[in-house]
Structure formats: C-alpha cells, structure tokens
Amino acid sequence: MFRRGFLAGAAALALATPASAQQLSLAEISNYLNRLQTAEGGFTQINGDGTLSTGQIYIKRPGRIRFEYNPPDDSLVMAGGGQVAIFDPRSNVPPERFPLNQTPLNIILEQNVDLTRTNMVTGHTSDGTTTTVRAQDPDNPQLGNIQLVFTADPIELRQWIVTDDIGAETTVILNDLESGGAVGDIQFNILNEMNKRGF
C-alpha cells in the first residue's frame, strides 16, 4: 500500500553520464526547475522495506504531480489544488488527503523555486558526474527534506530522495523523463478522480 511516507521518501538512480561534469550552481538548478513546466516519464520506486514499484509520473508545475502505479500495486497518488491524495484500489474508502505544503516534494513544485534562500539547502555536492542538493522548507525543517540529483549538459533531474518527518525514506528513480509535452489539468483533479471511483 502506498503510504504518505512516499512524498517524504527517498530516490536512488544509476546514471551513465560523462565523468567530468561540473558542479551545478544553486541558481542554475533553480532556473531549471522553474523552466520545467510539464514532464512525464516512467519511474521506479524503492520502498522503505526494500520492495520495488514501477509506474508513470506526470508533472505540471506549479503544485501538480501524479504517480500511476503498475500492477500488482495499481495505487494512485496525485497532488492538485494544494492537496495530496492517495488512492488505494484495494480499499472502499475515500483517499487519504493532506496538504501538499506538508511534504518536502512541495519544494520543487512551488511556483518559484529559489534554492538560494537562507537555510533552504543543507547540502550541495558533486561526485564529478552528478550534482546533489539536499533541501528543506526553511520555515518548517521538521517536515523533512528532499535530496535531488541532477546531471548536466543539459541539466536534467534524475532522482530525488525524500525523508519524512519521522525519518522514513522512499527512493524514486526517474526513467526517460520528457519535458515540455501537453499534460492535461484533469489528471490532477482530485475530486474528478474521486467521482470516477464512486466516492
């Protein structure tokens, strides 16, 4: 079952990229995220218990993201209208819902991403291939953090590692994320999804 801890989870990714990439600046990464209006692709999730899930991800900034899980999971997690909803197909109850701004993932879904804000970034490193940034809500660090991994030339988000308020982690690997396509608003409409499922 998909748990709320996912949006405060962790991501890991094996990358095949040039070995001498320069560390990306926080301004470069912020600009990239602000230009990333829509994106879709596959993902692999490594859950806290070591199990794997796969599916499709859809992003429409600001504030909207959708995770469609493949069988046998078949769960759906979506954010829209400032809320996150977790649909469990094995349950006959409405989805669990909570504010998006209570998850570290909100950091990259905000209208204006600015990683140079005081106390937002707590780690900024490069291994020569990727640049990794660990960020938190500077006003609410108790909500957890998100670790973002980027490659350069061109800049691409490859993974995130989100840690929630109790230290739980989930790993999400982004596969062939394509940006700039048409992603419909209806995919992020929680009430529409609830109506489709009879809630």
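For the numbers below, each heavy atom of this structure counts, side chains included, while hydrogens, waters and symmetry mates do not.
Here the side chain of Thr163 pairs no donor or acceptor atom with the backbone of Gly167 at under 3.5 angstrom. Judged by distance alone, with hydrogens and angles left aside, the side-chain atoms of Asn140 form no donor-acceptor pair with the main-chain N or O of Leu143 at under 3.5 Å. Panel note: side chain Ser30, backbone Leu26; a donor-acceptor pair is recorded below 3.5 Å. Put simply, the side chain of Asp137 never gets that close to the backbone of Pro141: no donor and acceptor are under 3.5 Å apart.
Separating the CG atom in Asn106 from the CG atom in Leu100 is a distance of 4.0 Å, to the nearest 0.5 Å. Expressed to the nearest 0.5 Å, how far CG of Asn31 lies from CG of Leu24 amounts to 11.0 Å. Taken from CZ in Arg158 to OG1 in Thr129, the straight-line distance is 11.0 Å, to the nearest 0.5 Å. Atom CG in Asp114 sits 8.0 Å away from atom CG in Asn34 (nearest 0.5 Å). Rounding to the nearest 0.5 angstrom, the gap separating the CD1 atom in Ile107 from the CZ atom in Arg117 is 9.0 Å. The OG1 atom of Thr44 sits 4.5 Å away from atom CG of Asn175, with the distance rounded to the nearest 0.5 Å.
Using a 4.5 Å heavy-atom cutoff, the side chains of Gln159 and Val172 are not in contact. Between Ser179 and Leu36 there is a side-chain heavy-atom pair separated by less than 4.5 Å. Contact of the Glu110 side chain with the Pro62 side chain is not registered, since no non-hydrogen atoms from C-beta on lie closer than 4.5 Å. Side-chain contact between Arg61 and Val113 is present, with at least one heavy-atom pair separated by less than 4.5 Å. Between Pro104 and Gln136, every side-chain heavy-atom pair lies at or beyond the 4.5 Å cut-off. The side-chain heavy atoms of Asp165 and Gln102, taken from C-beta on, include no pair separated by under 4.5 Å. At a threshold of 4.5 Å between non-hydrogen side-chain atoms, the residues Ser75 and Ile86 do not count as touching. Residues Leu52 and Ile46 meet the side-chain proximity criterion, which asks for heavy atoms closer than 4.5 Å.
In terms of heavy-atom proximity, Phe87 sits nearest to Pro89 at O-CD, 3.7 Å. The two residues Asn189 and Met78 come nearest to each other via the heavy atoms N-CE, 3.5 Å. When every heavy atom of Lys60 is checked against every heavy atom of Gly184, the shortest pair comes out as NZ-C, 4.4 Å. The shortest heavy-atom contact between Ser91 and Phe199 is O-CZ, 4.4 Å. Between Ala135 and Leu115, the shortest heavy-atom distance links the atoms CB-CD2, 4.2 Å. For Arg97 against Ala85, the heavy-atom pair with the smallest separation is CG-CB, 4.0 Å.
Counting non-hydrogen atoms of neighbouring residues, nucleotides and ligands closer than 6.0 angstrom, the CG atom of Asn92 reaches no more than 12 such neighbours. By the neighbour-count criterion of 12 heavy atoms within 6.0 Å, atom CG of Asp176 is sparsely surrounded, having that number or fewer from other residues, nucleotides or ligands. More than 12 heavy atoms of other shown residues, nucleotides or ligands fall within 6.0 angstrom of atom CD in Gln142.
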Taking it one step at a time, do Val77 and Glu68 satisfy side chain to side chain contact (heavy atoms under 4.5 Å, CB included)? CA-CA 7 Å; Val77 177; Glu68 296 179 355; over 6 Å; no

Between Tyr58 and Thr38, does a side chain to side chain contact (heavy atoms under 4.5 Å, CB included) hold up when you go through it step by step? CA-CA 8 Å; Tyr58 302 87; Thr38 62; over 6 Å; no

Assess whether side chain to side chain contact (heavy atoms under 4.5 Å, CB included) is satisfied between Thr132 and Gln147, documenting all intermediate values. CA-CA 7 Å; Thr132 301; Gln147 186 172 329; 3.3 Å; yes

Would Val133 and Ile29 count as a side chain to side chain contact (heavy atoms under 4.5 Å, CB included) if you check the C-alpha gap in whole Å, the side-chain angles of each, and the deciding distance to 0.1 Å? CA-CA 9 Å; Val133 173; Ile29 293 171; 3.6 Å; yes

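The only option from Leu109, Val183, Leu174 that meets the side chain to side chain contact (heavy atoms under 4.5 Å, CB included) definition with Ile59 turns out to be Leu109.
Ile155 and Ile146 end up in the same hydrophobic cluster when Ile, Leu, Val, Met, Phe, Trp and Tyr side chains are linked at under 4.5 Å. The hydrophobic clustering, which links ILVMFWY residues whose side-chain heavy atoms are closer than 4.5 Å, places Ile108 and Val84 together. Note: the hydrophobic cluster containing Phe188 does not contain Phe67 (ILVMFWY, side chain heavy atoms under 4.5 Å, direct or indirect links). One hydrophobic cluster holds both Leu105 and Tyr32 under the rule that ILVMFWY side chains link at heavy-atom gaps under 4.5 Å. Cluster annotation: Ile57 and Leu33 are assigned to the same hydrophobic cluster (Ile/Leu/Val/Met/Phe/Trp/Tyr, side-chain heavy-atom contacts under 4.5 Å, transitive).
Ionic pairing of Asp74 and Arg90 is not present here: no N-O contact between side-chain nitrogen and carboxylate oxygen is shorter than 4.0 angstrom. We find that Glu193 and Arg66 are joined by a salt bridge, their nearest charged nitrogen and carboxylate oxygen being less than 4.0 Å apart.
Here Tyr69 and Phe43 bring their ring centres to under 6.0 angstrom of each other.
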